[in-house]
Amino acid sequence: MTKRTISLLLALVMVFALFTGCAKPAPQPEQPEQGQTPAEPEKPKYSFGMVTDVGGIGDKSFNDSAWAGIEKAGQELGVEPKLLQSTKQDDYTPNLGSMAQSVDLTLAVGFLFEDAMKTSADQYADKKFGVIDTVVDKPNVMSVTFKEHEGSFLVGVIAGLTTKSNVIGFVGGMDFPVIRKFEAGFIAGVKSANPKAKVIVNYTGAFDNPDKGKEVALTQHQQKADVIFHASGACGIGVIQAADEKDFWAIGVDQDQAKESTKNKVLCSMIKRVDTATYTIIKAYTDDAFKGGAANAIELGLKEEGVGYSDNGKNVSAELAAHVEKYKAAINDGTIAVPPTREDLETFKPVEIK
């Protein structure tokens, strides 16, 4: 190797050493000081979830409608809502407790939650709760109820003017005041539109038994009922199945149930905007407008568009729909006071509108 070659090599080594020495060392992650715990992940700004009643998701009615409102709010806020399903009433209190431990706002759907909600609201006083279909007088519980009798009156008018046999059926779930509001309003509507019509009333004793709903509906049909309105949760799926099999009209509830019929035998549906109720509670929570206690309970009727009827099956004629609108206007302006109870129904004087 020549002296010139050796000199060039030495020069290259010196240049490399120079640049290596000037290079900055890679930054090292900061370590917590001794005795200091690492920072926890930032908590989401909003968190909420729902506990179903025994009907559960998939009832095509009450719970599904409630969950739709919660999902809508979740999508708008970028929040993944949580869900706990109850298979029996004994699940209500532990499910509310479990949900309250994991979210800031716990929603429960159904009047059967009343006692469990009172217990949980006391136990988790630092958390917020929402309940549908009953009023819980606790400062951390927001309650929403409905004037189910008003919407039921309208479908009663439709049933009264549709029946050919003058025999109409009502299938309730569990015999409680909330379901009796459907019953009383429906009968008042039938009698106002068709004084000659008879209404058969039966209860399934459940909200989660389609087979029982079908059995009751078939029995009513054997008694000549050709229009049957149900307010029975998942039992109503059986009512609609019976209508398909025996070719009579069913009236759905809570949300439009036309798609549950394979033969388009859902005459119409009494809409109860449970989705609006759950969405309203969540919006109050996120907008810092949450107000608990009985004095701040919200009741949604025809005026508030919390109840009404729908006809996705296109089975209500334009003429009949126009006639129903006259009854709706009479309810809204106070001409008709729809009875919410059986006792009020006894003194109700049917109002015929031409």
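Quick caveat, the model's predicted, so the values are computed rather than measured.
- Here D275 pairs with R273 in a salt bridge; the nearest charged N to carboxylate O distance falls below 4.0 Å.
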Step-by-step side chain to side chain contact (heavy atoms under 4.5 Å, CB included) determination, N209 to T204: CA-CA 8 Å; N209 190 338; T204 62; over 6 Å; no
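- You'll find the side chain of E148 reaches within 4.5 Å of the side chain of V178, heavy atoms only.
- In this structure, the separation between CH2 on W249 and NZ on K265 is 4.5 Å, given to the nearest 0.5 Å.
- Note on ring orientation: taking the six-membered ring where Trp is involved, the planes of Y203 and F170 are perpendicular (angle over 60°, cut-offs 30° and 60°).
- The two residues M270 and V307 have their closest heavy-atom pair at SD-CB, 4.4 Å.
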Side chain to side chain donor-acceptor pair (under 3.5 Å) between T341 and D344, worked out: CA-CA 5 Å; T341 67; D344 292 328; 2.9 Å; yes
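- We find the OG-CG distance between S192 and L154 to be 11.0 Å, quoted to the nearest 0.5 Å.
- Checked for salt-bridge contact, K138 and D122 meet the test: a charged N lies under 4.0 Å from a carboxylate O.
- Cluster membership check: V103 shares its hydrophobic cluster with V141, using side-chain heavy-atom separations under 4.5 Å among Ile, Leu, Val, Met, Phe, Trp and Tyr.
- L267 contributes atom CG, which lies 12.0 Å from atom CD1 of I228 (distance to the nearest 0.5 angstrom).
- Between A66 and V274, the shortest heavy-atom distance links the atoms CB-CG1, 3.6 Å.
- Salt bridge status for R342 with E346: absent, with no side-chain N to carboxylate O gap under 4.0 Å.
- Checked by atom type and distance alone, the side chain of D59 pairs as donor or acceptor with a backbone atom of S61 at under 3.5 Å.
- Taking each heavy atom of F186 and V155 in turn, the nearest pair found is CE1-O, 3.8 Å.
- Between the NZ atom of K82 and the CD1 atom of I70 there is a distance of 14.0 Å, given to the nearest 0.5 Å.
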From CA spacing to verdict: side chain to side chain contact (heavy atoms under 4.5 Å, CB included), K72, T276: CA-CA 10 Å; K72 177 185 175 183; T276 297; over 6 Å; no
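- With respect to K212 and E215, a salt bridge is recorded, a charged nitrogen being found less than 4.0 Å from a carboxylate O.
- With hydrogens and angles ignored, the 3.5 Å screen pairs a side-chain donor or acceptor of Q85 with a backbone N or O of I57.
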Derivation of the side chain to side chain donor-acceptor pair (under 3.5 Å) call for T119 and D115: CA-CA 6 Å; T119 300; D115 290 338; over 6 Å; no
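- Figure legend: cation-pi geometry between K128 and Y285 absent, as NZ or CZ is not positioned both under 6.0 Å from the six-membered ring centre and within 45° of its axis.
- Closest approach of E150 and L302 over heavy atoms only: OE1-N, 2.9 Å.
- Checked for salt-bridge contact, E352 and K354 meet the test: a charged N lies under 4.0 Å from a carboxylate O.
- Remark: the backbone N or O of K147 is not paired with any side-chain donor or acceptor of K181 at under 3.5 angstrom.
- Between the CG atom in D208 and the OG atom in S86 there is a gap of 11.0 Å [rounded to 0.5 Å].
- Counting heavy atoms from C-beta on, the side chains of L161 and H323 come closer than 4.5 Å.
- L218 and I237 end up in different hydrophobic clusters when Ile, Leu, Val, Met, Phe, Trp and Tyr side chains are linked at under 4.5 Å.
- Closest of all the heavy-atom pairs between F146 and A277 is CZ-CB, 3.7 Å.
- Under the 3.5 Å distance criterion, the side-chain polar atoms of N63 are matched with a main-chain donor or acceptor of D53.
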Worked check of side chain to side chain donor-acceptor pair (under 3.5 Å) between D226 and T163: CA-CA 6 Å; D226 59 354; T163 181; 2.7 Å; yes
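- Atom NZ of K60 is surrounded by 12 or fewer heavy atoms from other residues, nucleotides or ligands within 6.0 Å.
- When the shell of 6.0 Å around CD of E299 is examined, it contains more than 12 heavy atoms from other residues, nucleotides or ligands.
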Stepwise side chain to side chain contact (heavy atoms under 4.5 Å, CB included) check, V266 with I251: CA-CA 5 Å; V266 172; I251 296 179; over 6 Å; no
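- For the pair L105 and G130, the tightest heavy-atom approach, listed with the atom from each and the gap, is CD1-N, 4.1 Å.
- Counting heavy-atom neighbours within 6.0 Å of E319 CD, excluding the residue itself, gives a total of 12 or less.
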Audit row: V157, V190, side chain to side chain contact (heavy atoms under 4.5 Å, CB included) steps and yes/no: CA-CA 5 Å; V157 170; V190 170; over 6 Å; no
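- Both L83 and V54 belong to a single network of hydrophobic side chains, linked directly or stepwise wherever heavy atoms of I, L, V, M, F, W or Y lie under 4.5 Å apart.
- Side-chain atoms of H230 and Q257 form a donor-acceptor pair, as typed in the model, at a separation below 3.5 Å.
- Residues D211 and K214 are not paired through a salt bridge, judged by the lack of any N-O separation under 4.0 Å between the basic side chain and the carboxylate.
- Using bins of under 30°, 30° to 60° and over 60° for the plane-to-plane angle, the ring pair F153/F348 lands in the perpendicular bin.
- Using cut-offs of 30° and 60° for the angle between ring planes, the F111 and F207 rings count as perpendicular.
- Note on W67 and F113: same hydrophobic cluster, where clusters join Ile, Leu, Val, Met, Phe, Trp and Tyr whose side-chain heavy atoms are under 4.5 Å apart, directly or indirectly.
- Under the 4.5 Å side-chain heavy-atom criterion for grouping Ile, Leu, Val, Met, Phe, Trp and Tyr, I187 is not connected to V239 through any hydrophobic cluster.
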Step-by-step salt bridge (charged side-chain N to carboxylate O under 4.0 Å, His left out) determination, K45 to D104: CA-CA 9 Å; K45 186 174 182 180; D104 289 333; over 6 Å; no
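- A donor-acceptor pair is defined here as one N or O able to donate and one able to accept, closer than 3.5 Å; no such pair exists between the side chain of N312 and the backbone of D256.
- A salt bridge links D133 and K272; the closest N-O separation between the charged side-chain nitrogens and carboxylate oxygens is under 4.0 Å.
- Between the CG atom in D311 and the OG atom in S269 there is a gap of 8.5 Å [rounded to 0.5 Å].
- With 3.5 Å as the limit, one finds a donor-acceptor pair spanning the side chains of E76 and Y279.
- Checked by atom type and distance alone, the side chain of Y46 pairs as donor or acceptor with a backbone atom of T286 at under 3.5 Å.
- Between I168 and K198, the closest side-chain pair of non-hydrogen atoms is not below 4.5 Å.
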